[in-house]
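This report concerns only the one structure given below.
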Amino acid sequence: MNDLIIRHPNGETEGRDPRDLDPAVLNLPGPLTAIRAKCLDCSAGSPSEVRKCTATSCALWPYRMGTNPRRAGLGSQNPRLNSRFSEKSMSEAA
Ligand code: SF4
């Protein structure tokens, strides 16, 4: 883990650029798995709190269940969610 952080002589620290690291060193999860992990961290490890999250302005909110609602087969089959998070509605929200 310490290889991921640069410690400067003045005491400052910074995370290494992940693009410069060997992916094997990073033990990379997929993006949806990473988002789910972040949401669980945000919700004190409670899956039910992630499910009930009301922070709809959070960029991770549509993906908090670990699926992509816009991708059939990988995400929700719920047409309501798929239309809510269409390319058009997401660009309008930005
Ligand atoms: S979607 Fe909700 S649970 Fe996930 S990071 Fe955002 S605020 Fe936290």
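Note that this is a predicted model, so its numbers are computed, not measured. Counting starts at 1 for both ligands and their atoms, in listed order.
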Worked check of side-chain contact (heavy atoms from CB on, under 4.5 Å) between D41 and K38: CA-CA 5 Å; D41 178 56; K38 177 57 191 168; 3.4 Å; yes

C53 side chain reached by M65 side chain, heavy atoms, under 4.5 Å: no

Kindly say whether W61 contributes a backbone atom to a donor-acceptor pair with the side chain of R64 at under 3.5 angstrom? yes

Between V50 and C39, which heavy-atom pair has the shortest distance, and what is it? CG2-O, 3.4 Å

Locate the shortest heavy-atom distance separating P18 from L26; write the atom from each residue and the value. O-CD1, 3.9 Å

Under 2.8 Å from atom 8 (Fe) of ligand 1, which protein N, O or S atoms do you find? Ignore water molecules. C42 SG

Which value, rounded to the nearest 0.5 Å, describes the distance between D3 atom CG and D22 atom CG? 11.5 Å

